[in-house]
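Read the structure below first, then the notes.
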Protein chains: 2
Amino acid sequence: MTDPTHNPADYPPFGVTVDLVVFSIIDKSLRILLIQRDEPPFRGKWALPGGFVHPDENLEQAARRELAEETSIGKEVGHLEQLGSYGEPGRDPRQPVVTVAYWGIAHDLPEPQGGGDARYAEHVPVTEVASGSIRLAFDHNEILTDAIERLHHKISYTPLAARFCANEFTISELRSAYDTIWQDTSQFTENQTVAQEPFEKPQLSLAAPQSVPPGKLDFPIHALKQPNLKLVDQPKELTYTKLDSGNFQRSVLQINGFLQPTGKKSSPSTSGGRPAELFTTGDLEELTPPIHPKTPKPKK
Amino acid sequence: MTDPTHNPADYPPFGVTVDLVVFSIIDKSLRILLIQRDEPPFRGKWALPGGFVHPDENLEQAARRELAEETSIGKEVGHLEQLGSYGEPGRDPRQPVVTVAYWGIAHDLPEPQGGGDARYAEHVPVTEVASGSIRLAFDHNEILTDAIERLHHKISYTPLAARFCANEFTISELRSAYDTIWQDTSQFTENQTVAQEPFEKPQLSLAAPQSVPPGKLDFPIHALKQPNLKLVDQPKELTYTKLDSGNFQRSVLQINGFLQPTGKKSSPSTSGGRPAELFTTGDLEELTPPIHPKTPKPKK
DNA sequence: AAAATAGTGTCTTTTAGACAATATGCG
DNA sequence: CGCATATTGTCTAAAAGACACTATTTT
């Protein structure tokens with residue numbers, strides 16, 4: 001950095017990658033998009049979709065391109081923003097690599113298709129990762145934890161939770177999104193030790209760590225869970241209690257610019273019930289006051 | 001990405017740098033640490049301190065090392081966290097470079113010493129940058145804007161504002177920190193067009209853009225302001241009104257774990273007044289409820 | 001009618017904010 | 001004392017939260 005005649009070779013070369021945490025809610029459970037790696041390192045393990053950045057594209061473009069390549073998911077991602085960068089030496093056994101993590105929200109995602117580095121891609125409930133049933137490659141567990149923390153903050157003071165819903169949605173659907181998120185991530189926030197082991201440098205020259213058959217897989221994700229960890233369907237509802245529908249209704253409606261009425265009404269669900277009004281999101285960017293999860297007893 | 005025998009040369013090489021936005025409050029004004037570049041590109045221009053990351057250090061270590069090298073400021077930085085990464089193609093005219101920005105808070109900083117890339121370093125009021133009197137190199141104006149936004153959010157829901165104060169501080173000093181920050185950054189939040197021109201790729205092979213004498217400088221920063229921009233001491237107090245001392249006192253004291261009384265009392269200021277109690281920060285990480293700037297009229 | 005979901009009303013408790021009053025140091 | 005700042009008190013308006021009630025659909 002002290003030579004006016006600059007030579008890039010004088011500078012330490014890094015690989016720069018992007019990785020993505022794409023949240024969605026399917027069947028009332030909060031999920032993230034994971035791929036199963038088809039290449040070493042960490043061959044056969046679950047990982048966040050991602051890959052190397054090209055010199056002629058910016059970071060967000062790279063993130064969208066890699067997502068499309070590995071999971072064939074594109075415009076369905078309704079929100080995408082940067083989470084942070086991870087550059088612990090040795091985090092990639094191949095070479096110095098800094099990864100720029102992104103996180104996003106999507107609604108109504110199709111079944112992802114594997115491609116590129118990925119032999120397989122799937123929407124995995126975050127509770128599977130939180131419980132330790134699934135362990136991710138690289139430092140992706142750490143990235144996921146940070147993404148969930150960011151998700152929590154963002155849905156409280158921005159209208160982003162609406163991105164989990166369709167373009168037109170009811171207030172109940174919005175409330176259900178909040179409930180699902182807070183329910184499914186309570187393990188991350190209440191005790192941060194879940195599936196969070198310190199990052200270890202992987203050994204160099206590792207092939208497939210377990211004997212996973214090559215080629216495309218068609219068995220369910222449960223077959224890939226770590227066998228040494230029990231996968232009890234923990235009823236650890238912990239302490240989160242759902243939002244009150246009446247109070248929620250009033251709260252969001254009194255935030256000016258949050259919800260835009262469409263005049264239309266939803267068709268009631270199969271189980272009956274009064275049809276709800278349909279809304280879209282307005283142009284508001286910051287919710288005042290913010291929406292918080294119910295804390296059952298803020299022990300004086 | 002499809003070759004099991006990995007060769008780093010196959011992957012696009014990037015330079016990875018760190019840049020730092022270090023806030024402090026000096027003479028009741030919010031300031032950031034800037035250096036004047038002693039090397040091309042942007043020789044002679046103001047920039048955030050920073051530099052290339054080494055392959056054997058992590059990103060935060062690199063940030064602290066570069067800060068110490070260029071400004072001789074080290075442990076005085078009481079808080080340092082990542083802001084985000086910036087990788088627009090062409091943002092560095094020399095080669096593909098991704099920079100990881102950090103922001104921090106420091107109290108009682110010494111006069112910084114130039115070093116390394118920096119011929120000069122100084123604590124510059126953010127209002128000087130907001131008003132356009134000072135234009136930063138690379139995309140550092142954009143980074144600064146993002147840092148201020150993050151600072152705003154963080155001081156509202158964390159105890160971080162206390163890092164602007166000494167280890168033991170009075171509630172008034174804490175309140176003054178909030179007032180100063182919100183006052184001095186109101187131009188950034190209220191109209192985001194201040195000194196925010198779209199990023200332009202700098203021309204290649206540029207030497208010193210203006211005729212700046214080489215070597216160490218000892219003239220005040222005003223001599224380096226852009227001559228084509230008037231540097232009116234704009235009294236644009238805009239709309240921020242200071243916090244009420246009584247209400248602030250009650251608010252912060254009722255947040256359990258925020259302030260830890262020391263039992264000691266401060267000596268009153270030169271202008272007299274009742275001595276105030278001295279506090280340290282507790283172990284609380286999130287302020288509930290958060291502390292917000294006063295919005296004069298939330299026009300119903 | 002019964003069940004289910006949407007939406008409103010009401011009451012109580014808590015909080016925010018304006019602003020007055022008191023406390024404690026200094027010259 | 002008179003000034004300046006710290007700290008407490010008081011009152012009012014707004015918001016949060018618990019929960020009962022009404023509305024509109026399906027079976």
Side-chain angles (χ1 to χ4, degrees), chain A residues 28 156-157 165 168-179 182 239-256 258-259 261-279 287-300, chain B residues 28 156-157 165 168-179 182 239-256 258-259 261-279 287-300:
Chain A
K28 298 261 177 194
S156 83
Y157 68 88
C165 305
E168 299 188 338
F169 55 91
T170 68
I171 293 181
S172 290
E173 286 162 356
L174 180 63
R175 173 169 47 84
S176 164
Y178 278 100
D179 277 333
W182 284 324
T239 47
Y240 178 68
T241 50
K242 293 191 174 179
L243 295 165
D244 177 273
S245 85
N247 291 337
F248 183 80
Q249 183 106 5
R250 208 181 5 237
S251 306
V252 298
L253 283 179
Q254 83 184 17
I255 299 176
N256 216 290
F258 184 5
L259 298 183
T262 66
K264 288 185 266 186
K265 283 199 192 310
S266 73
S267 40
S269 65
T270 58
S271 51
R274 169 173 170 176
E277 288 225 54
L278 283 169
F279 295 86
L287 301 188
T288 46
I291 295 172
H292 281 123
K294 273 212 306 194
T295 54
K297 293 200 175 188
K299 56 170 183 181
K300 160 69 201 72
Chain B
K28 299 263 177 190
S156 83
Y157 69 91
C165 306
E168 299 187 338
F169 55 90
T170 67
I171 293 181
S172 289
E173 285 162 356
L174 180 64
R175 174 170 45 86
S176 164
Y178 278 99
D179 276 334
W182 284 324
T239 48
Y240 177 68
T241 50
K242 293 192 172 178
L243 295 164
D244 176 272
S245 85
N247 293 335
F248 183 80
Q249 184 106 4
R250 207 180 7 232
S251 307
V252 297
L253 284 179
Q254 82 184 17
I255 300 177
N256 217 290
F258 184 6
L259 298 183
T262 65
K264 288 185 270 185
K265 282 200 193 309
S266 73
S267 39
S269 64
T270 57
S271 52
R274 173 174 169 177
E277 289 225 56
L278 283 169
F279 296 85
L287 303 187
T288 47
I291 295 172
H292 280 123
K294 275 211 303 193
T295 53
K297 294 202 174 185
K299 55 170 183 179
K300 161 68 198 61

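The sequence lines fix the lettering, A, B, ..., with proteins before strands; numbering per chain opens at 1.
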Would you mind telling me which residue lines up with the more 5' stretch of DNA chain C, G273(A) or S245(A), judged by nearest nucleotide?
G273(A)

So does R175(B) reach the base of dT7(D) with its side chain, donor to acceptor, closer than 3.5 Å?
no

Can you give me the closest heavy-atom contact between K242(A) and K294(A), atom names plus distance?
O-CE, 3.1 Å

As a test of reading the structure: which of dG7(C), dC19(C), dT5(C) is closest to the side chain of S271(A), going by heavy atoms?
dT5(C)

Once you round it to whole Å, what is the distance between P of dA6(C) and CZ of F279(A)?
12 Å

From CG of L253(A) over to P of dT8(C), roughly how many Å is that when rounded to an integer?
7 Å

Selected nucleotide, minimal atom distance to Q254(A) side chain, candidates dG7(C), dG17(C), dA16(D):
dA16(D)

Evaluate the side-chain proximity of W182(A) to L243(A): yes if any heavy-atom separation is below 4.5 Å, no if none is.
yes

Does K265(B) place a side-chain N or O at less than 4.0 Å from the phosphate oxygens OP1/OP2 of dA6(D)?
no

Which residue lies more 5' along DNA chain D, comparing I171(B) with N247(A) via nearest heavy atoms:
I171(B)

Minimum-distance pair of heavy atoms, taken over all atoms of Y178(B) and Y240(B)
O-OH, 4.2 Å

From CZ of F248(A) across to C1' of dT8(C) the rounded distance in Å is 16 Å

Would you please confirm or rule out a distance under 4.0 Å between OP1 or OP2 of dA6(D) and any side-chain N or O of S172(B)?
yes

Taking atom C1' of dT8(D) as reference, at what distance in whole Å does atom CD of Q249(B) sit?
9 Å

Is there side-chain contact between F258(A) and I291(A), with heavy atoms separated by less than 4.5 Å?
yes

Using a cut-off of less than 4.0 Å, is there contact between a side-chain N or O of K294(A) and OP1 or OP2 of dA16(D)?
no

Taking only the side-chain heavy atoms of P275(B) (C-beta and beyond), determine which of dA18(C), dG25(C), dA16(D) contains the nearest atom.
dG25(C)

Can you tell me the distance, in whole Å, between the CG atom of L243(B) and the P atom of dC19(C)?
15 Å

Separation of dA20(D) atom C1' from D244(A) atom CG, nearest Å, is 11 Å

Protein-nucleotide distance (R250(A), atom CZ; dC21(D), atom C1'), rounded to Å
13 Å

Of the candidate nucleotides dA23(D), dC26(C), dT24(C), which contains the atom at the shortest distance from the side chain of R274(B)?
dT24(C)

Figure out the CG/P separation between L174(B) and dT5(D), and round it to whole Å.
18 Å

Please give me the minimum heavy-atom distance between L278(B) and T170(B), naming the atom from each residue.
CD2-CG2, 3.9 Å

By nearest-heavy-atom nucleotide on DNA chain C, the more 5' of P290(B) and A276(A) is A276(A)

